[in-house]
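All remarks here apply to the structure that follows.
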Amino acid sequence: MAAGLAALLDDIAAIARVAAASVDDISAAAGRAGMKAAGVVVDDAAVTPRYVTGFDPSRELPIIKKIGLGSLRNKLLFIVPAALLLSQFAPWLLTPILMLGGLYLSYEGAHKVLEWLGVGGHHDAAKDAPVVEQGPEQEKKMVAGAIRTDFILSAEIMVISLNEVADEPLLNRAVILVVVAIAITLLIYGAVALIVKMDDVGLHLAARPQEWAQRVGRGLVKAMPVVLKVLSIVGVVAMLWVGGHILLVGMDELGFSPIYDWVHHAEEVVAGWLPGMAGLATWLTNTFFSAILGLTVGLVVVGLLKLVPRKKDEHAEAAAH
């Protein structure tokens, strides 16, 4: 019995060592996958704050929580299972589906640029009012819009992560994607919550008796509207960049390479001009032309959609007549 027990303990120890090694492998792979998707994570964090602009301060954190939970639901219930199934049984479908997401991001970004320019339809002054003045229905629309946009960015993050661990067994891939989904969602929406509540931190510091705290507090309060405005602009540019980059890479993977090859050549030329910072120069060049492609494609989609009659518009015209 003693010998049998010792053998059983040896087997358990061996299993534990294998399990520990697997956990280490999964942790390392999840880290690699998360780092690979870091660029899109930054885009997601930049896009989201514009959806909480105009809310009553007491609603900001609950709204971020709603969007964060919606994002996690997107990843765990839809994107991860779909990505795993497609990667296992129809990997050739991943690129076209991702390109549809790029098309949507390009459209959203281009539509926002047209709004900035005052182009693209009748101006509704009511929409300029803060969300708190527009009522709970507008709040629901803003949250739904944020979750829709997040779905595309989350899909990009998860597909990039999936490509990084494509050689792993199916179960490992599933665990890695779940780890990445949870970690990245917490990172993004934790950062967003910190950004949008920074003015409250500033008010708290400004009320303290220490002079340095008051100075820092007042500085934060003054800076936050500018920071949120800049983040809103960065968010729109990020949509165009990410959408354009998805389309650029997707076209190349589907066999249409002229645009991708031209951008790659431009990267090499710019890197040759700046040999001391070739990596940064290459990234900036790719980002610039990806954003241009995203804006161009997005404007085309906006124009095409304008040609499609909508029921709402038809009813309005009928009422006018």
Side-chain angles (χ1 to χ4, degrees), residues 36-51 53 95-120 145-146 148-160 163 188 191-192 226-254 256-274 277-306:
K36 193 75 173 180
V40 189
V41 171
V42 172
D43 297 337
D44 205 354
V47 168
T48 305
R50 76 187 186 91
Y51 287 102
T53 303
T95 296
I97 290 172
L98 204 53
M99 289 181 72
L100 287 175
L103 203 61
Y104 174 76
L105 283 177
S106 298
Y107 162 76
E108 282 279 296
H111 197 273
K112 193 66 181 177
V113 169
L114 289 175
E115 283 184 10
W116 290 343
L117 297 175
V119 180
R148 275 197 307 273
T149 300
D150 176 273
F151 188 92
I152 306 301
L153 291 170
S154 293
E156 170 76 348
I157 290 168
M158 301 318 296
V159 170
I160 290 173
N163 287 339
I188 289 172
V192 170
V226 178
V227 170
L228 288 174
K229 181 67 176 176
V230 169
L231 279 175
S232 178
I233 295 169
V234 169
V236 172
V237 173
M239 284 188 194
L240 295 172
W241 163 36
V242 175
H245 187 71
I246 293 171
L247 295 173
L248 183 69
V249 174
M251 286 187 291
D252 179 60
E253 290 181 356
L254 293 178
F256 182 76
S257 302
I259 301 176
Y260 181 90
D261 291 341
W262 188 88
V263 171
H264 183 64
H265 176 69
E267 290 174 9
E268 292 177 343
V269 171
V270 175
W273 293 341
L274 303 166
M277 40 198 286
L280 178 61
T282 298
W283 181 83
L284 287 174
T285 304
N286 186 286
T287 298
F288 174 76
F289 286 113
S290 292
I292 294 296
L293 177 62
L295 178 60
T296 303
V297 173
L299 290 173
V300 170
V301 174
V302 170
L304 291 174
L305 289 178
K306 287 290 182 184

Qualifying residues under salt bridge (charged side-chain N to carboxylate O under 4.0 Å, His left out), relative to E115, sequence neighbours excluded | K112

Please name the pair of heavy atoms, one in A281 and one in L274, separated by the smallest distance, quoted to 0.1 Å.
-> CB-CD1, 4.0 Å

Taking every non-hydrogen atom, the tightest pair across L248 and S290 | CD2-OG, 3.9 Å

Give the minimum heavy-atom separation between V236 and G109, together with the two atoms involved.
-> CG1-O, 3.7 Å

So CG of L304 and CG of L299: to nearest 0.5 Å the spacing works out to 11.0 Å

Given the options T296, L293, V301, L247, S106 meets side chain to side chain contact (heavy atoms under 4.5 Å, CB included) only with L247

How long is the gap from CG on L103 to CD1 on I246, to the nearest 0.5 Å?
-> 10.0 Å

Could you give the distance from CD1 (I259) to CH2 (W262), rounded to the nearest 0.5 Å?
-> 10.0 Å

Nearest heavy-atom pair of E108 and M239: which atoms, and what distance?
-> CB-SD, 3.7 Å

Between V113 and L240, is a side-chain contact (heavy atoms from CB on, under 4.5 Å) present by the stated rule, with each step listed?
-> CA-CA 10 Å; V113 169; L240 295 172; 4.1 Å; yes

Only pairs under 3.5 Å count here: list side-chain donor-acceptor contacts from residues 266-273, not counting sequence neighbours, and write none if there are none.
{"unit_1": "E267", "atom_1": "OE2", "unit_2": "N286", "atom_2": "ND2", "d": "2.7"}
{"unit_1": "E268", "atom_1": "OE2", "unit_2": "H264", "atom_2": "NE2", "d": "3.3"}

When you look at I233 and W116, which way does the side-chain contact (heavy atoms from CB on, under 4.5 Å) test go after all the steps?
-> CA-CA 10 Å; I233 295 169; W116 290 343; 4.2 Å; yes

Should we say atom OH of Y104 is surrounded by more than 12 heavy atoms from elsewhere, each under 6.0 Å from it?
-> yes

What distance do T287 atom OG1 and I292 atom CD1 have between them, rounded to the nearest 0.5 Å?
-> 11.5 Å

